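Below is one structure; the comments refer to it alone.
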Amino acid sequence: MNIARKITAAVMLAGVLTVCGCSAESPRSGVLQNSAVTYSDEESSAISAFEIPMLASNTETPCLTFLGTGEISTAALNTYANTVGLSTSETPVTIVHVSDYQYESRLSELINSDESPDLTEKRENTFPFLMSKNIYEDLTSYMDAAAPQWEEFSSYIDHYSFKGAHYFYPTGITVSPQIMLYDKMRCVQFNIPDPEKLYEKGEWTMDRLIDCAEQLDASLGIDSYFYASGVAENILNSTGAALIEKDENGKFVSRIGSRNYLDMRSFFSVYRCNQDDQRTDPLRTAMSMFMCTDERTLGELRTLSPSFNVGIVPFPQFDSDGTYYVRAVSEGFLVPKGAKNIRNAASFINCSRIAETSDDGIKERRSEMKKLGLLQSDVEWMEFIRGGDYELVLDEGLCLDRDANAAIKLIFSSADEILLEGNAKPDYNIAAIDADLERINAML
């Protein structure tokens with residue numbers, strides 16, 4: 001296995017899917033009651049971004065509004081502006097920012113007052129929770145799923161269907177920002193097998209990670225730690241199971257409490273996890289060899305300690321079946337209920353998907369990575385996932401309502417303690433999650 005094809009965090013891929021959609025915490029106030037979706041008697045208005053008219057109708061305008069917490073890429077804005085023929089003096093999308101905590105209530109307020117924006121962001125809890133609240137437009141009749149830009153994403157589009165409708169067409173699939181860093185010199189110092197070399201030989205399994213941890217502990221004479229957030233979630237994904245999945249009947253089920261979740265016990269019984277520490281100094285100076293973090297922290301590490309010999313590997317295979325399951329998240333936009341420019345909003349989503357794979361889109365992503373302090377080799381290494389050696393588990397962490405998300409966060413933030421037998425917390429937390437899923441399943 002070519003070491004250049006190792007995996008980290010920031011690339012588009014049409015991959016194999018095992019799925020969950022999921023969120024940032026948000027208040028329940030202001031959400032809509034469920035209502036029937038009405039359809040026009042007109043012929044299908046499906047469009048391809050390669051054949052988008054300058055104006056969809058006399059009542060629509062190509063100048064759109066966006067409500068969200070994030071930004072829109074320049075490549076996407078330029079692709080859309082050029083497609084619909086906007087002049088350089090016209091703003092293709094007016095961006096209105098809202099805080100993460102206020103997002104849901106503000107969007108619902110605008111929808112209920114008939115002032116819906118044309119676009120909003122896809123959030124971790126968009127699917128299935130927010131979709132069950134009827135706050136998005138069904139885009140099935142506005143999108144041509146057979147268009148070239150969607151060819152590789154058909155499985156993801158189908159996954160995000162809800163009650164037979166298609167609300168979300170992902171513009172990109174991004175490998176989870178959580179990556180495994182380790183100190184290569186500690187491997188040499190304590191004669192511990194180098195994970196990169198194990199990975200090259202197809203031997204980087206959870207058992208070998210535990211072996212490395214035990215050998216490090218024995219060498220130090222103390223318990224060592226695995227630093228930073230996302231460890232438990234990534235390890236669960238490495239079993240090939242998402243946090244929440246659809247069963248054979250199309251209903252949502254929680255994987256927490258399943259065999260896959262309980263199988264993580266063997267890891268946490270050996271290697272403790274400090275999930276609240278995002279600093280790089282534990283890896284650089286303290287008694288630690290591994291760190292689970294993101295590309296921003298990797299850039300910080302490169303900047304603070306240019307000579308630090310850091311290794312980067314994917315989360316290991318959970319067993320020796322030769323498969324690396326990698327956590328991934330989807331990106332993109334949705335059209336809120338009551339938007340006045342639905343067809344042009346659909347055009348923008350098409351353009352955003354095309355922009356992701358354009359030269360400008362690739363340059364923009366690489367520029368952002370460079371600003372984080374990453375080396376060119378880091379960036380190239382991240383992009384090599386397109387080779388297809390990995391199967392994606394589309395799992396986005398917190399995907400339900402605020403209370404259920406808090407329960408999930410508590411479970412994973414203290415996984416090393418909660419997995420111990422006799423602790424009563426899991427029953428309570430699993431009940432909160434199951435109750436939310438039951439409410440959502442009742443809508444299907």
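Keep in mind it's a predicted model, so treat the numbers as computed, not measured.
- Minimum interatomic distance between Asn441 and Lys251 (heavy atoms only, all atoms of both residues): O-NZ, 3.0 Å.
- We find the CZ-CD1 distance between Phe252 and Ile440 to be 7.0 Å, quoted to the nearest 0.5 Å.
- For Lys197 and Asp194, the salt-bridge test fails: no basic side-chain N is under 4.0 Å from an acidic carboxylate O.
- Nearest heavy atoms, Val310 versus Arg302: CG1-NH1, 3.0 Å.
- Glu438 CD: 12 or fewer foreign heavy atoms inside a 6.0 Å radius.
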| message | Applying side chain to side chain contact (heavy atoms under 4.5 Å, CB included) to Thr323 and Phe318, what does each step give before you reach the verdict? | response | CA-CA 8 Å; Thr323 302; Phe318 205 78; over 6 Å; no
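- With contacts defined as side-chain heavy-atom distances shorter than 4.5 Å, the pair Glu121/Val98 does not qualify.
- Taking every heavy atom of both residues into account, Phe190 and Ser219 meet most closely at CD2-CB, 3.4 Å.
- Cation-pi geometry between Arg353 and Phe153 is met: under 6.0 angstrom from the ring centre, within 45 degrees of the axis.
- Counting heavy atoms from C-beta outward, Leu139 and His166 have side chains that stay 4.5 Å or more apart.
- Taking 4.5 Å as the limit, some side-chain heavy atom of Tyr80 sits within range of a side-chain heavy atom of Ser347.
- Rounded to the nearest 0.5 angstrom, Asn78 CG and Thr88 OG1 are separated by 11.0 Å.
- To the nearest 0.5 Å, atom CD of residue Glu356 and atom CD of residue Glu331 are 6.0 Å apart.
- A 4.5 Å side-chain heavy-atom check between Met206 and Ile235 finds at least one atom pair inside the cut-off.
- In this model, a donor atom of one side chain and an acceptor atom of the other lie less than 3.5 Å apart for Trp150 and Asn350.
- The main-chain N or O of Gly202 is found under 3.5 Å from a side-chain atom of Gln317 such that the two form a donor-acceptor pair.
- One distance of note links CE of Met131 with OH of Tyr136; it measures 7.0 Å at 0.5 Å rounding.
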| task | Walk me through it: do Met180 and Leu209 pass the test side chain to side chain contact (heavy atoms under 4.5 Å, CB included)? | result | CA-CA 11 Å; Met180 282 187 67; Leu209 171 58; 4.3 Å; yes
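- Two residues are said to be in side-chain contact when any heavy atoms from C-beta on lie closer than 4.5 Å; Phe348 and Thr83 fail this criterion.
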| Could you go step by step and tell me if Cys212 and Arg186 meet the side chain to side chain contact (heavy atoms under 4.5 Å, CB included) rule? | CA-CA 11 Å; Cys212 292; Arg186 284 196 182 275; over 6 Å; no
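- With Pro92 as reference, Leu77 is the one residue of Ile72, Leu64, Leu77 to meet the side chain to side chain contact (heavy atoms under 4.5 Å, CB included) rule.
- Shown here for Ser254 and Ile244, the closest heavy-atom pair between the two residues is CA-CG1, 4.3 Å.
- Here Gln102 contributes atom CD and Leu67 contributes atom CG; the two are 10.5 Å apart, rounded to the nearest 0.5 Å.
- Scanning all heavy atoms of the two residues, the minimum distance from Ala407 to Ala432 falls at CB-CB, 4.3 Å.
- The pair Arg439-Asp401 meets the salt-bridge criterion, with a side-chain N (NZ, NE, NH1 or NH2) lying under 4.0 Å from an Asp/Glu carboxylate O.
- Between Tyr167 and the choices Ile135, Asp138, Leu130, the side chain to side chain contact (heavy atoms under 4.5 Å, CB included) rule is met once, by Asp138.
- Taking a 6.0 Å sphere around NZ of Lys363, one finds it holds 12 or fewer heavy atoms contributed by other residues, nucleotides or ligands.
- Proximity of Ile157 to Pro170: side-chain heavy atoms (C-beta onward) are separated by under 4.5 Å at one or more points.
- Proximity of a side-chain donor or acceptor of Ser132 to a complementary backbone N or O of Phe129 within less than 3.5 Å is detected.
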| task | Might you work through the side chain to side chain contact (heavy atoms under 4.5 Å, CB included) test for Tyr160 and Thr126, ending with a clear yes or no? | result | CA-CA 10 Å; Tyr160 285 108; Thr126 289; over 6 Å; no
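- Put simply, the side chain of Glu203 reaches to within 4.5 Å of the side chain of Leu198, judged on heavy atoms.
- Remark: Arg123 is positioned above the aromatic ring of Tyr103, its terminal NZ or CZ atom under 6.0 angstrom from the ring centre and at most 45 degrees off the axis.
- We find the OG1-CG distance between Thr65 and Leu110 to be 9.0 Å, quoted to the nearest 0.5 Å.
- Considering every non-hydrogen atom in both Asp118 and Val335, the closest pair reads O-CG1, 3.4 Å.
- For Phe127 and Phe168, the ring centers sit 6.0 Å or farther from each other.
- Contact of the His97 side chain with the Ile95 side chain is registered, since non-hydrogen atoms from C-beta on lie closer than 4.5 Å.
- Judged by distance alone, the side chain of Asn237 and the main-chain N or O of Val326 form no donor-acceptor pair under 3.5 Å.
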| request: Check the pair Glu196, Lys184 against salt bridge (Lys or Arg N to Asp or Glu O under 4.0 Å), reporting the backbone distance first and the verdict last. | output: CA-CA 9 Å; Glu196 281 190 357; Lys184 293 180 73 72; 3.2 Å; yes
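- Between the side chain of Asn405 and the backbone N or O of Cys399, at least one donor-acceptor pair lies under 3.5 Å.
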